[in-house]
Amino acid sequence: MDPLRRCVWVNGPVVVGAGPSGLAVAAGLKSRDVPFVILERADCIASLWQKRTYDRLKLHLPKQFCQLPGLPFPADYPEYPSRGQFIRYLEDYAENFGIEPRFNERVESAAYDEGCGFWRVTTTCAGSGGDGCGCEVEYICQWLVVATGENAEAVVPEIQGLVDFDGEVMHACDYKSGENFRGKKVLVVGCGNSGMEVSLDLCNHDAEPAMVVRNSVHVLPREILGKSTFELAMLMLKLLPLWFVDKILVLLAWLTIGNLEKLGIKRPSMGPLELKNTHGKTPVLDIGAMEKIKSREIKIVPGIQKLSSRRAEFVNGETLKIDAVIFATGYKSNVPTWLQVGNKKQTATNPLPPQSND
Ligand SMILES: NC(=O)C1=CN([C@@H]2O[C@H](COP(=O)(O)OP(=O)(O)OC[C@H]3O[C@@H](n4cnc5c(N)ncnc54)[C@H](OP(=O)(O)O)[C@@H]3O)[C@@H](O)[C@H]2O)C=CC1
Ligand SMILES: O=C(O)C(=O)Cc1c[nH]c2ccccc12
């Protein structure tokens, strides 16, 4: 064993990740007096929200669907809190419950040791700016909570000719605003919620976005007759089967947004709720991009064939001069890189220690 590695016994769960889910778990444990340790690779809570989001970001769902257990959003917050308001709420939440994550500690591996019946969780101290001490810690515990989310790592696809492109290239996680793109022709790759909103923001800053739509996508209005589409969907699901709610959502989208197929955006044959349930694909909630697509201020282009120094060539053979590429191609979990598979104890079956209060 590494002589620098410290060993820490945790008399309760180890929670990996101090984003909204990790904080919610931590608050639940705190309020039941269960001891725990919460490990966070970044130097702050909710680091994706703090460091990897653009300026104009707001929640897309009304605040009552996004608050964590035990502390509502402040009453004076708007229905769709801004990124800054959401971060302030999460900071207040951590403080309110006395949650103190161990920052700058990256989990390198977590494995269930069948021999002794404990999880072994090893971390390295990263330190901000990469100047960490490099020391290792091994936590030994009975329970492991994985709360690192589905958006831990940015995904950048391999595109032929990307190395030859001489304009700016970035992932949406590093995009802040269209300010630096004024007057530029920007290729936005991807048409999920990020791609749509980055394209809208670019328009609002007098840039010229072209958005790659290589597949079908569900676009729903954020609200229908003043009521959030998400809330309407949840209400309808209490009364109607999912396939029928899907039919209604698609009909309502058609009535409010119109037929997007003419503009190059096809709808999947599977309904939006079924697609979310079976493939995890979130529908796009429109907050203005559709208008810009209709007015052709956002140009829709098909899949990329290849890039060259200042041009993109698409699968239909057309080419476009471009000054910059923004990959809004999504994120992925990093759990498979550190959670050891191949043991039966990956999901906890044994309960937490008895609750000492309530
Ligand atoms: N305010 C809010 O609440 C917001 C929420 N979000 C959420 O954050 C999460 C991440 O969203 P987002 O960043 O948009 O990522 P998504 O994974 O939702 O979308 C990625 C997009 O990139 C496309 N794509 C991937 N690879 C390629 C490629 N090689 N060429 C062309 N297109 C490609 C995908 O298309 P394909 O289907 O073809 O693979 C898809 O349209 C989602 O859950 C989203 O809802 C995001 C922004 C705002
Ligand atoms: O919960 C999510 O992942 C969302 O961002 C939005 C969402 C999921 N399913 C829906 C159905 C109708 C409207 C919005 C959503």
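Just so you know, ligand 1 is whichever comes first in the structure, and atom 1 is the first atom listed for that ligand. Along the sequence shown, the residues carry numbers beginning at 1.
- Side-chain N or O atoms of S309 include none that pairs as donor or acceptor with a backbone N or O of D166 at under 3.5 Å.
- Residue contacts with ligand 1: V189 is included, with a non-hydrogen atom under 4.0 Å away.
- Here the shortest heavy-atom distance to atom 15 (O) of ligand 1, taken over G330, P283, P268, belongs to G330.
- In this structure, K276 does not pair ionically with D246, as no charged nitrogen and carboxylate oxygen lie closer than 4.0 Å.
- For the pair E150 and ligand 1, no heavy-atom separation below 4.0 Å is found.
- Ring centers of W143 and F36: at least 6.0 Å apart, outside the cut-off.
- At a heavy-atom distance under 4.0 Å, only side-chain atoms of L57, from C-beta outward, approach ligand 1.
- Between H60 and ligand 1, an N or O atom pair is found at a separation short of 3.5 Å.
- The atoms of ligand 1 that sit less than 4.0 Å from any heavy atom of G190 are 21 (C), 22 (O), 23 (C), 32 (N).
- Side-chain N or O atoms of T329 include one that pairs as donor or acceptor with a backbone N or O of V155 at under 3.5 Å.
- The two residues F165 and R310 make their nearest non-hydrogen contact at CE1-CA, 4.1 Å.
- Here is the list of ligand 2 atoms found below 4.0 Å of a heavy atom in L273: 11 (C).
- Using a 4.0 Å cut-off between heavy atoms, S194 contacts ligand 1 through both its backbone and its side chain.
- Taking only non-hydrogen atoms, the option from N193, I287, V301 nearest to atom 44 (C) of ligand 1 is N193.
- In this structure, the protein non-hydrogen atom closest to atom 2 (C) of ligand 2 is K276 NZ, 3.7 Å.
- Inside a 4.0 Å radius of atom 7 (C) of ligand 1 there is not any protein heavy atom.
- F73 and F86 have tilted rings, their planes meeting at an angle from 30° to 60° on a 0 to 90° scale.
- Proximity of Y54 to ligand 1, defined as any heavy-atom pair under 4.0 Å, is confined to the side chain (atoms from C-beta onward).
- Using 4.0 Å as the threshold, C191 has a heavy atom nearer than that to some atom of ligand 1.
- For ligand 1 and P157, the ligand atoms under 4.0 Å from any heavy atom of the residue are 29 (N).
- At distances below 3.5 Å, at least one donor-acceptor pair connects side-chain atoms of K63 with backbone N or O atoms of P74.
- Within the 4.0 Å heavy-atom criterion, both parts of T329, backbone and side chain, lie near ligand 1.
- With a 6.0 Å cutoff to the six-membered ring centre and a 45° limit on the axis angle, R102 does not count as a cation-pi contact of Y139.
- Those atoms of ligand 1 that come under 4.0 Å of a heavy atom in V212, given as number and element, are 31 (C).
- Salt bridge E291/K294: present, at least one basic N to carboxylate O contact under 4.0 Å.
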Chi angles and distances behind the ring pair (Phe, Tyr, Trp, His ring centres under 6.0 Å) call for Y77, Y89: CA-CA 10 Å; Y77 267 30; Y89 164 75; 7.1 Å; no

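- Between I38 and V25 the shortest side-chain heavy-atom distance does not fall below 4.5 Å.
- The protein heavy-atom contact nearest to atom 5 (O) of ligand 2 is T282 CG2, 3.3 Å.
- Between S47 and E40, the shortest heavy-atom contact is OG-OE2, 4.0 Å.
- Scanning the protein for heavy atoms near atom 12 (C) of ligand 2, the closest one is L220 CD1, 3.7 Å.
- Among the atoms of A328, some N or O lies under 3.5 angstrom from an N or O of ligand 1.
- Taking only nitrogen or oxygen atoms, main chain and side chain alike, K58 reaches within less than 3.5 Å of ligand 1.
- Nearest protein heavy-atom neighbour of atom 10 (C) of ligand 1: Y331 CD1, 4.0 Å.
- Taking a cut-off of under 4.0 Å to the non-hydrogen atoms of G192, the atoms of ligand 1 that pass are 14 (O), 19 (O), 21 (C), 41 (O).
- Residue contacts with ligand 1: R214 is placed with a nitrogen or oxygen under 3.5 Å of a nitrogen or oxygen of the ligand (distance criterion only).
- D113 places no side-chain N or O within 3.5 Å of a backbone atom of F118 that could act as its donor or acceptor partner.
- Close contacts between ligand 1 and T282 involve ligand atoms 43 (O), 45 (O) [criterion: under 4.0 Å to a heavy atom].
- Of the protein's non-hydrogen atoms, the one nearest atom 7 (C) of ligand 2 is F230 CD1, 3.7 Å.
- Regarding atom 9 (C) of ligand 1, its nearest protein heavy-atom neighbour is N151 OD1, 4.1 Å.
- Ligand 1 places these atoms under 4.0 Å from at least one heavy atom of K281: 37 (O).
- Formation of a donor-acceptor pair under 3.5 Å by the Q50 side chain with backbone atoms of I45 is found in this model.
- For Y80 and E223, the side-chain atoms include at least one donor-acceptor pair closer than 3.5 Å.
- Put simply, the residue from I287, V284, D286, V198 that forms a side-chain contact (heavy atoms from CB on, under 4.5 Å) with N193 is V284.
- When distances from atom 34 (C) of ligand 1 to the protein are checked, no heavy atom turns up under 4.0 Å.
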